[in-house]
Amino acid sequence: ERNGLYYYFVYRLKELGVDLPLSEEARWKKENQRLSEFKETIKLLNKVSKDYGIEYIIIKACNTIPHIPRDIDIFVQNEDRAKIIKALEDNGMKCIQSSIAETSLRGDYMKVDVYTEICYIGADFMDGSFLRQSSVKDKVFGIEYSGLNNEADFLLMLIHSLFGHRSMSLLDFLHINRLRKNVNIEKCRIYAYERGWGMVFDLTLNKLDNITEKMYENKEIIYFPYLFDRNFILN
């Protein structure tokens, strides 16, 4: 549960015919209620996008592994920020937190965090035009939504894990590794260097390689969520 994998773990147990203890059946029922809320929130975002003519992109989705997030993060252009907030409020959501970089709204379903920039430690790591050009149609639990292509998703997950939380859940790690198999790493590296954080990209990629080697080749135990140590962050 701490690593974002509760839904998929229990789903696989049930798929394999493993009986859950009664105490977990209630928790599983609650998880399916959250799944319903997740789906309804995406449907609402799609409706708002169509009705109000606002483009949105779901970011940090980790969509290569079935899971139910605590909230939904979306990116919109800065000029659309006020419009999408009003549109969501028109559809029953209420603003519970607001700042230039991030606004949170909650309604009958899942909390939605609205981002207009990808900024950590005072630096803009990815620009809006790049994200907009990287937008693709994707599906989650059978529902279509606007997401990011593999390269943009990989870059964002990398930097968010490092500077957003200073930690990486097992869900994040597995998702990043799955993305990597279908990502043009050199294209990602070029973009990172153009934005001024190429060395950060290389250091983090090396760190991921090191963790992967320890886990899969050396059979060492790695604890997740994985905390990036202070010296690495400072470096």
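Being a predicted model, the structure only gives us computed values, none of them experimental.
- Considering all non-hydrogen atoms of both residues, Val112 and Met93 come closest at CG2-CE, 3.9 Å.
- Tyr8 and Pro66 make their closest contact through CB-O, 3.3 Å (heavy atoms, listed as atom of the first residue, atom of the second, distance).
- Both Val10 and Leu16 belong to a common hydrophobic cluster when Ile, Leu, Val, Met, Phe, Trp and Tyr are linked at side-chain heavy-atom distances under 4.5 angstrom.
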* To do: Would you check, one step at a time, whether the test ring pair (Phe, Tyr, Trp, His ring centres under 6.0 Å) holds for Tyr191 with Phe130?
  => CA-CA 10 Å; Tyr191 179 80; Phe130 173 75; 3.9 Å; yes

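- Contact between Pro225 and Arg2 at its shortest, heavy atoms only, is CD-NH2, 3.6 Å.
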* Given side chain to side chain contact (heavy atoms under 4.5 Å, CB included), test Val18 with Lys14 step by step and report yes or no. => CA-CA 5 Å; Val18 178; Lys14 294 181 82 68; over 6 Å; no

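- No side-chain heavy atom of Glu40 sits under 4.5 Å from any side-chain heavy atom of Ile42.
- Applying the 6.0 Å contact sphere to CG of Leu234 captures more than 12 heavy atoms from other residues, nucleotides or ligands.
- Surrounding CE of Met199 are at most 12 heavy atoms belonging to other residues, nucleotides or ligands under 6.0 Å away.
- Cluster annotation: Leu20 and Leu35 are assigned to the same hydrophobic cluster (Ile/Leu/Val/Met/Phe/Trp/Tyr, side-chain heavy-atom contacts under 4.5 Å, transitive).
- With respect to the salt-bridge test (charged N to carboxylate O, under 4.0 angstrom), the residues Glu15 and Arg12 qualify.
- With a 4.5 Å cut-off on side-chain heavy atoms, Ile72 and Leu45 count as touching.
- With contacts defined as side-chain heavy-atom distances shorter than 4.5 Å, the pair Glu89/Lys94 does not qualify.
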* Do Ile84 and Thr103 pass the side chain to side chain contact (heavy atoms under 4.5 Å, CB included) test, and can you show the C-alpha distance, the side-chain angles, and the key distance before you say yes or no? -> CA-CA 11 Å; Ile84 197 158; Thr103 301; over 6 Å; no

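- Contacts of Arg166 classified as side chain to side chain contact (heavy atoms under 4.5 Å, CB included), with partners at least two apart in sequence or in another chain: Leu227, Phe228, Arg230, Ile233.
- Asp113 has a carboxylate O that lies under 4.0 Å from a charged side-chain N of Lys111, or vice versa, which qualifies the two as a salt bridge.
- Within the model, atoms CG of Asn150 and CG of Asn182 stand 5.5 Å from one another, a figure rounded to the nearest 0.5 Å.
- Put simply, the side chain of Asp229 gets close to the backbone of Asn231: a donor and an acceptor are under 3.5 Å apart.
- Closest of all the heavy-atom pairs between Thr41 and Met110 is OG1-N, 3.0 Å.
- The CD atom of Glu37 lies 9.0 Å from the OH atom of Tyr109; values are rounded to the nearest 0.5 Å.
- For the atom pair CE (Met126) and CD (Glu117), the distance works out to 13.5 Å, reported to the nearest 0.5 Å.
- The shortest side-chain heavy-atom distance between Gln133 and Asn149 does not fall under the 4.5 Å cut-off.
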With a cut-off of 3.5 Å and sequence neighbours excluded, list every side-chain donor-acceptor pair involving residues 151-162.
| residue | atom | partner | partner atom | Å |
| --- | --- | --- | --- | --- |
| Glu151 | OE2 | Asn184 | N | 2.8 |
| Asp153 | OD2 | His175 | NE2 | 3.0 |
| His160 | ND1 | Tyr120 | OH | 2.6 |
| His160 | NE2 | His165 | NE2 | 3.1 |
| Ser161 | OG | Met157 | O | 2.9 |

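- Counting only N and O atoms by type, the side chains of Thr212 and Arg180 include no donor and acceptor under 3.5 Å apart.
- Residues Ser146 and Glu55 have side chains not in contact (no heavy-atom distance under 4.5 Å, counting atoms from C-beta outward).
- Counted within 6.0 Å of OH on Tyr11, heavy atoms from surrounding residues, nucleotides or ligands total 12 or fewer; the atom is thus considered open.
- Between Val48 and Tyr56, every side-chain heavy-atom pair lies at or beyond the 4.5 Å cut-off.
- The closest side-chain heavy-atom distance from Pro69 to Phe38 is below 4.5 Å.
- Within 6.0 Å of CD on Glu144 lie more than 12 heavy atoms contributed by other residues, nucleotides or ligands.
- Leu203 and Ile190 are assigned to two separate hydrophobic clusters, defined by single-linkage of ILVMFWY side chains at heavy-atom distances under 4.5 Å.
- Asp51 CG to Leu44 CG: the interatomic distance, rounded to the nearest 0.5 Å, is 9.5 Å.
- Under the 4.5 Å side-chain heavy-atom criterion for grouping Ile, Leu, Val, Met, Phe, Trp and Tyr, Ile211 is connected to Phe232 within one hydrophobic cluster.
- Atom CZ of Phe9 is surrounded by 12 or fewer heavy atoms from other residues, nucleotides or ligands within 6.0 Å.
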* Given side chain to side chain contact (heavy atoms under 4.5 Å, CB included), test Ile176 with Leu208 step by step and report yes or no. => CA-CA 9 Å; Ile176 289 170; Leu208 285 172; 3.8 Å; yes

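- For Asn3 and Ser169, the side-chain atoms include no donor-acceptor pair closer than 3.5 Å.
- Checking Tyr52 against Asp90 by side-chain atom types alone, a donor-acceptor pair falls below 3.5 Å.
- Looking at every heavy atom in both residues, Ile68 comes nearest to Arg34 through O-NH2, 3.4 Å.
- Rounded to the nearest 0.5 angstrom, Leu205 CG and Asn210 CG are separated by 12.0 Å.
- Between the side chains of Tyr7 and Asn32, not a single donor N or O lies within less than 3.5 Å of an accepting N or O.
- Checking Glu24, Glu25, Glu31 one by one against Arg27, the salt bridge (Lys or Arg N to Asp or Glu O under 4.0 Å) holds for a single residue, Glu31.
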* side chain to side chain contact (heavy atoms under 4.5 Å, CB included) between Ile143 and Asn46, worked out -> CA-CA 10 Å; Ile143 300 173; Asn46 287 337; 4.2 Å; yes

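- Atoms CG and OG1, on Leu131 and Thr116 in that order, are 11.0 Å from each other to the nearest 0.5 Å.
- More than 12 heavy atoms of other residues, nucleotides or ligands shown are found within 6.0 angstrom of CD1 on Ile121.
- Under the 4.5 Å side-chain heavy-atom criterion for Ile, Leu, Val, Met, Phe, Trp and Tyr, Ile65 and Tyr216 are members of the same hydrophobic cluster.
- The closest side-chain heavy-atom distance from Lys181 to Asn177 is not below 4.5 Å.
- Between Phe224 and Phe173, the distance from one ring center to the other falls under 6.0 angstrom.
- With hydrogens and angles disregarded, a donor-acceptor distance shorter than 3.5 Å links the side chain of Trp197 to the backbone of Phe125.
- Other residues, nucleotides and ligands contribute at most 12 non-hydrogen atoms within 6.0 Å of the NZ atom of Lys139.
- Closest non-hydrogen pair, Lys60 versus Tyr115, comes out as NZ-OH, 3.5 Å.
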